[in-house]
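Since the structure comes first, as structure tokens, the remarks are kept for the end.
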Amino acid sequence: MDTQVCRVRFAPSPTGYLHIGGARTALFNWLLARKMGGVFVLRIEDTDRSRHVADSLAKILADMRWLGLDWDEGPEAGAAGGTGGSFGPYAQSERLAIYQEHVARLIEAGHAYHALETPEELTAMRDAARQQKIDFRYPRPDPLPTTAEVQAARDAGRSAVVRFKMPGEDITVVDDILGEVTLAADQLEDFVIQKGDGWPTYHLACVADDALMEITHVLRGQEHLMNTPKHIALQRALGFDTPHYAHLPIIFNMNGSKMSKRDKEKALKRGEVPPEIDVHDFRAAGYLPEALLNFISLLGWSTGDDEEQITLQETADRFALKAIGKGNAKFDRDKLISFNTDWSARVEPVRLLAGFVDYLRVNDLPMASLAEPMLQRVLQLCQGFRTFADVVAKVGFAFADDADIVYQEKAVRKVLEKNDGAGYGVLRALLPRLESIESWTADAIESELKAFCDAGGLKLGNVAQPLRVALSGGTVSPAIYDTLDLVGRERTLSRIKQTMMQGSEQ
RNA sequence: GGCCCCUUCGUCUAGUGGCCUAGGACACCGGCUUUUCAUGCCGGCAACACGGGUUCGAGUCCCGUAGGGGUCACCA
């Protein structure tokens, strides 16, 4: 097996956007494939029709693309119109016949059997067991239901599932991260491989597909560790090789809770800003995929030295399963922000611009209609920003109508009204000076403002802040000369007048 | 609760018996730069969960305890 090319897969369920934890799993699979010169397969695990969410496949693919995790095989893999690989189809919903064939084989070989309990009956059995404080393990019927009994049950409108006969021996998982993990035979029960509706369960579909798609390494979250003995037993019964396994540590919130989509709803109910949970949330919040990827790659893995901020390519070059930690990690949003700040300052200007345009479009913001040179300039003026959201918060007012400027009470009080309206006084005195400027450029504005300060014995801050409030409604903007230039002569003057009018009304 | 996994600064981690007076990053604290915000620069605080072993020597190996996590579906 070791002489084959490395083939890994990421197998999400289409139940919504790509979760950040899923993205980390996808990333590690991708990294291993790229490091080994192997193949990265994207497979869709959609055998539970009741949990299917419309559009989620498209959303997951879009999230993968935004991250830049390209897949070699899978839906829409390769160039437009490409076949997507020769191990397809890559959606399990299109592979039903394959699974049924394997289930039949297992039954024929005596490795599986039909079971007739209804879900309700099973629940009752479990409840009874719990009341007696004993562990419930599905008791294999003895004798097994006969073909006639199965048929009779079906005729009576009851559905039959198929269960796999666990071999009754201890099973050891050899894990590339955790080492050897052995599960005792009495911990393993006969589990369902085919549901009452004829569809396979995750276990059967996963094992069959991994084998048929010739997957050599299975990297998945640690929550799957207890499933692995079942999968190994299935592989043995089916005559499949067991792939390498590596169970990744899980990612949690800073408070130790799971990062759940429900965190967003809860925060919303409390009137708080919802936390980013799905990849799409981070995209919409103005993060760069470079930063996100770099950050999550360090959750459970490290370069081994003091280097942290490296490119995806460098990460792939240095990636190794042995370097993955065993302990769970907490998702530190402050560190992510710091990484994003650094990446935003590092990335090529064209790349930054593309990211900004994407952010503007995803959020359908008015600034999306601005020409690229202007956006480029905005980015330039906002250097040091943490996320694209900061950029918009800092310059958005420059592209709004005068009437839409919201004057923040605190800013007005502190900057304009304080000291008997000193700020208003500055604006009044400054207005004619600004009106006299002939060519409205940052340089001309600078010399005029400096001259104004010198003449009045004022510090720049005494002038810049009133101007900022007048133009933006608040106290945050790019450097003041650039701000005036950005807003433009006409609107600069009109907003100063508008501000003074409001001041005199008080 | 049964079974399984994990345990170095608040957080992510380096560390694979002596190089550790335990390193880096984020956060935090202090200072500097600065026309606002944010950057940037300098400095500081801060950890081997606990208890037994093994060893000349343990953060590094073993056992136990405690704590955290996962899992016990006709979901994946």
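Since this is a predicted model, take the numbers as computed values, not measurements. Labels below follow one simple rule: chain letters A, B, ... track the order of the sequence lines, proteins then strands, and each chain is numbered from 1.
Atom NZ in A:Lys330 sits roughly 14 Å away from atom P in B:U7 (whole-Å rounding). Atom pair A:Asp186:CG and B:C4:C1' shows a separation of 13 Å (rounding to whole Å applied). In this structure, the CE atom of A:Met166 is 17 Å from the P atom of B:C3, given to the nearest Å. Atom CD of A:Gln408 is separated from atom P of B:U36 by 17 Å (rounded to the nearest Å). Protein atom CD1 of A:Ile177 is 12 Å distant from nucleotide atom P of B:U13, rounded to whole Å. Between the CD atom of A:Gln465 and the P atom of B:U36 there is a distance of 7 Å, rounded to whole Å. Atom CD1 of A:Ile324 is separated from atom C1' of B:C12 by 15 Å (rounded to the nearest Å). The distance between atom CZ of A:Arg130 and atom P of B:G1, rounded to the nearest whole Å, is 14 Å.
Base pairing of B:U60 is not made with any nucleotide, judged by Watson-Crick or G-U wobble geometry with both donor-acceptor distances under 3.5 Å. Taking a pair to require two hydrogen-bonding distances under 3.5 Å in either a Watson-Crick or a G-U wobble arrangement, B:C72 pairs with B:G1. A 3.5 Å limit on both hydrogen-bonding distances identifies no Watson-Crick or G-U partner for B:C19. With a 3.5 Å ceiling on both atom-pair distances, B:U55 lacks any Watson-Crick or G-U wobble partner. A 3.5 Å limit on both hydrogen-bonding distances identifies B:G43 as the Watson-Crick or G-U partner of B:C29.
Partners of A:Trp301 according to the ring-ring contact (aromatic ring centres under 6.0 Å, His included) rule, which considers only residues two or more places apart in sequence or in another chain, are A:Phe319. Shown here are the salt bridge (charged side-chain N to carboxylate O under 4.0 Å, His left out) partners of A:Glu120, two or more places apart in sequence or in another chain: there are none. Residues forming a salt bridge (charged side-chain N to carboxylate O under 4.0 Å, His left out) with A:Arg126 (at least two apart in sequence, or on another chain): none. Residues that satisfy the salt bridge (charged side-chain N to carboxylate O under 4.0 Å, His left out) test with A:Asp127, not counting sequence neighbours, are A:Arg130. Applying the salt bridge (charged side-chain N to carboxylate O under 4.0 Å, His left out) test to A:Arg137 and every residue at least two apart in sequence or in another chain returns nothing. Here A:Gln151 pairs with A:Asp155 under the side chain to side chain donor-acceptor pair (under 3.5 Å) rule; sequence neighbours left out. With sequence neighbours excluded, the residues satisfying side chain to side chain donor-acceptor pair (under 3.5 Å) with A:Arg377 are A:Asp485. Partners of A:Ser56 according to the side-chain contact (heavy atoms from CB on, under 4.5 Å) rule, which considers only residues two or more places apart in sequence or in another chain, are A:Pro14, A:Val53. With sequence neighbours left out, the side chain to side chain donor-acceptor pair (under 3.5 Å) criterion links A:Arg43 to A:Glu45, A:Asp210.
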Query raised in the report: When every nucleotide of nucleotides 19-33 of chain B is labelled 5' to 3' by its protein contacts under 4.0 Å (heavy atoms), B for base, S for sugar-phosphate only, - for none, what sequence of letters results?
Result: ----BBBBS------
**Report entry** Contact state string [nucleotides 69-76 of chain B, B base, S sugar-phosphate only, - no protein heavy atom under 4.0 Å]
**Finding:** SBS-SBBB
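Residue whose closest nucleotide on RNA chain B sits further toward the 5' end, between A:Phe385 and A:Asp135: A:Asp135. Between A:Glu180 and A:Phe295, the residue whose closest nucleotide on RNA chain B is further toward the 5' end is A:Glu180.
Using a 4.0 Å cut-off between charged side-chain N and carboxylate O, A:Glu276 and A:Arg333 make a salt bridge.
One P atom belongs to B:G59, the other to B:A47, and the distance between them is 15 Å to the nearest Å. Straight-line distance between the C1' atoms of B:C28 and B:C9: roughly 12 Å, to the nearest whole Å. As rounded to the nearest Å, B:U33 and B:C42 have C1' atoms that lie 11 Å from one another. One P atom belongs to B:C6, the other to B:C61, and the distance between them is 12 Å to the nearest Å. To the nearest whole angstrom, the two C1' atoms, one in B:G53 and one in B:U60, are 16 Å apart. Between the C1' atoms of B:G70 and B:C74, the separation comes to 23 Å (whole Å). Across the P atoms, B:C29 and B:C37 are found 16 Å apart, a figure rounded to whole Å. Annotation: B:U8 and B:A49 have their P atoms spaced 6 Å apart (nearest Å).
Using a 4.0 Å heavy-atom cutoff across all strands shown, A:Ala479 reaches at least one base atom of the nucleic acid. Using a 4.0 Å heavy-atom cutoff across all strands shown, A:Gly221 reaches no nucleic acid atom at all. Residue-level contact check: A:Ser302 touches the backbone only, with heavy atoms under 4.0 Å from sugar-phosphate atoms and none from bases. If you check every strand for non-hydrogen atoms under 4.0 Å, A:Lys394 touches a base. Residue A:Pro478 is classed as a base contact, given a heavy-atom separation below 4.0 Å to a base.
Taking the six-membered ring where the residue is Trp, A:Phe388 and A:Tyr359 present tilted rings, their angle falling between 30° and 60°. A:Tyr287 and A:Phe282 have perpendicular rings, their planes meeting at more than 60° on a 0 to 90° scale where under 30° would count as parallel. Using bins of under 30°, 30° to 60° and over 60° for the plane-to-plane angle, the ring pair A:His244/A:His217 lands in the parallel bin.
Side-chain proximity of A:Thr341 to B:U39, B:U11, B:U35: nearest is B:U39. Side-chain proximity of A:Arg468 to B:U11, B:C3, B:U36: nearest is B:U36. Relative to the side chain of A:Val476, the nucleotides B:U36, B:G2, B:C5 differ in distance, and B:U36 lies closest.
Side-chain atoms of A:Tyr113 and A:Asp190 form a donor-acceptor pair, as typed in the model, at a separation below 3.5 Å.
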Between protein and nucleotides 60-67 of chain B, what N or O pairs are separated by less than 3.5 Å?
none

